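Input: a single structure, listed below in structure tokens.
The figures here come from the full heavy-atom set of this structure, side chains too, leaving out hydrogens, waters and symmetry mates. What you are looking at is a predicted structure, and each value in this text was computed from that prediction instead of being measured. Indexing begins at 1, ligand by ligand and atom by atom, following the structure's order.
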Amino acid sequence: MNLLAIETSCDDTCAAVLHDGPDGVALLSNQISSQMIHAEFEGVVPELASREHMRLLGPVVRRALAEAGIALGELNALAVTNGPGLIGSLLVGLSFGKALAYALELPVVGINHIEGHLASAALDLGEALVVPPFVGLVASGGHTEIVRVTAWGRWDLLGATRDDAAGEAFDKVGKLLRLGFPGGPALSRAAAKGRTDAYDFPRARLGIERGGLDLSFSGLKTAVKLFLDRAGWPQEPRDPGEREHFVADVAASFQEAVVDVLTAKLLKAAEVSDTRCLLIAGGVAANAALRARLQGAARERGLTLWIPDTRFCGDNAAMIGMAGLHHLRRGERSRYDLAAIPNLDDWEGFYESGV
Ligand code: KG4
Ligand code: ZN
């Protein structure tokens, strides 16, 4: 089966083509067009994001099909993100995907973006290796959720951020440190040269000793902001060398606090749900310090840890395609009147049998 997958839930316009055959899944193309228009605003502007998706999606889909060497007539199904995400952005990809599926008389499956991130490790590391049940952490610019996946497409939410997402905290602190947008990758580069124990920023534990798995990052972000205000930043320090050290130390100390909390919560989730396999995904899973810490912790405890290659951590359509295959193989499809759902809380299946 040849599957076209589309992802437009935030600010990346993505299309991928997957082939599901007797030898497993082959990723034939994975096109990602990251919108640069938001950089000058240092954050994603929803209205601009949907307009950019409208402009970019047609060419991105055409490029994906050309790279895969698959004609429209050779497609067998479509998978498209229908939530959660920015409503305008979701609508562009979903309308495009549904219209194309309808015109080609093909099944379409709506995919939960979080489910897509969770599927990325199986796509990258192999379906034989990455098998539920596992405890997964999806940490990105819009989400920080800990789930227990019982089967592909079925999961229980164990904990979530009560305020900012982990990636959002990286972006906001990156902005405070004048590292540009998105702050996550730039901040982690700066942190590599800093001391993780230079400053003691707070860790929101939220009852972890009693099994509390919710997270919070807004207090940490505010603590960094207050610290910077007190230090006289951005006027001080004046010496360029000192400035660079200062930024590196703040970045490393902030990152350490985030890594501490994410690691502790994921390990706790494994403990309370009696699960020995862990998985991380989402943009923040590209963070080298988080990857290294979790690898060490998993090794120490004899737990299995799956992390996709960094190119599958951020938003992409390949992961949506992988999640789509899980549904299609079970004979599930969505209706052509499938709606876009911006909030995770409102999301539910929307599948029916009969492919
Ligand atoms: O999954 P993703 O591409 O989009 C969303 O679904 O939000 O995640 C993007 C987020 C941004 O907040 C970005 O700053 C963060 O992931 N990110 C990182 C790193 N690379 C991307 N955060 C920390 N360290 C990184 N290396
Ligand atoms: Zn994402």
query = atom 23 (C) of ligand 1: which protein heavy atom is closest, and how many Å away?
reply = Asn287 ND2, 3.5 Å
Minimal non-hydrogen separation, Ala165 against Gly141, with atom names = CB-O, 3.5 Å
Atom pair CD (Glu7) and OG1 (Thr81), whose distance is rounded to the nearest 0.5 Å = 3.5 Å
Atoms of ligand 1 close to Gly167 [distance to a heavy atom under 4.0 angstrom, numbered from 1] = 12 (O)
note = In this structure, atom 13 (C) of ligand 1 is nearest to the protein heavy atom Asp171 OD1, 3.7 Å
task = Step through it carefully: locate the ring centre of Phe170, locate the ring centre of Phe254, and say whether they are under 6.0 Å apart.
result = yes
remark   = Quick note on ligand 1: atoms under 4.0 Å from a heavy atom of Gly142 include exactly 7 (O)
key: Nearest heavy-atom neighbours spanning Leu187 and Gly174   = CD1-N, 3.7 Å
task = Kindly compute the distance separating CG (Leu28) from CG (Asn2), expressed to the nearest 0.5 Å.
result = 7.0 Å
Exam field: side chain Ser89 to backbone Cys10, donor-acceptor pair closer than 3.5 Å = yes
query = Is the Zn ion (ligand 2) less than 2.8 Å from an N/O/S atom of His143, whether that atom is in the backbone or a side chain?
reply = no
ask   = How far is atom 8 (O) of ligand 1 from its nearest protein heavy atom, and which residue and atom is that?
value = Gly283 CA, 3.4 Å
Main-chain N/O of Leu338 paired with Lys98 side-chain donor or acceptor, under 3.5 Å = yes
request  = Answer with yes or no whether Cys10 contacts ligand 1, where contact means a heavy atom under 4.0 Å from a ligand atom.
outcome  = no
message = Checking the N or O distance criterion of under 3.5 Å, is ligand 1 in contact with Gly183?
response = no
query = Among protein heavy atoms, which lies nearest atom 3 (O) of ligand 1, and at what distance?
reply = Asp315 N, 3.0 Å
ask   = Should Asp12 and Asn316 count as side-chain neighbours, where that means a heavy-atom distance under 4.5 Å?
value = no
inquiry  = For the Zn ion (ligand 2), give me the closest N/O/S atom belonging to His117, just the atom name.
reply    = NE2
message = Taking a cutoff of less than 4.0 Å between a non-hydrogen atom of the residue and any ligand atom, is Arg189 in contact with ligand 1?
response = no
request  = Check ligand 1 against His117 and write out every atom of the ligand that is under 4.0 Å from a heavy-atom position of the residue.
outcome  = 1 (O), 6 (O)
note = ligand 1 atoms nearer than 4.0 angstrom to some heavy atom of His113 are 6 (O)
task = Decide, yes or no, whether a salt bridge links Lys225 with Asp229 under the criterion of side-chain N to carboxylate O below 4.0 Å.
result = yes
inquiry  = Going by side-chain contact (heavy atoms from CB on, under 4.5 Å), Thr13 matches just one of Val92, Leu56, Asp315. Which one?
reply    = Leu56
request  = Compute the shortest N/O to N/O distance between His143 and ligand 1 and return yes if it is under 3.5 Å, no if not.
outcome  = no
request  = Look only at the side chain of Asp214 and the backbone of Ala160, and say whether a donor-acceptor pair between them is shorter than 3.5 Å.
outcome  = yes
ask   = Looking at the Zn ion (ligand 2), is one of the N, O or S atoms of Cys10 less than 2.8 Å from it?
value = no
remark   = the protein heavy atom lying closest to atom 26 (N) of ligand 1 turns out to be Ser188 OG, 3.3 Å
inquiry  = Any atom of ligand 1 sitting under 4.0 Å from a heavy atom of Gln255?
reply    = no
key: Arg238 with Glu242: basic N within carboxylate O range, under 4.0 Å   = no
ask   = Looking only at protein heavy atoms, which one is nearest to atom 22 (N) of ligand 1, and how far off is it?
value = Gly184 CA, 3.5 Å
ask   = If we only count N/O pairs under 3.5 Å, is Phe170 in contact with ligand 1?
value = no
key: Distance (rounded to the nearest 0.5 Å) between Ile146 CD1 and Asp156 CG   = 13.5 Å
task = Please determine if Gly141 has a nitrogen or oxygen closer than 3.5 Å to a nitrogen or oxygen of ligand 1.
result = yes
Metal-centred angle, the Zn ion (ligand 2) as apex - OD1 of Asp315, NE2 of His113, 10° resolution = 90°
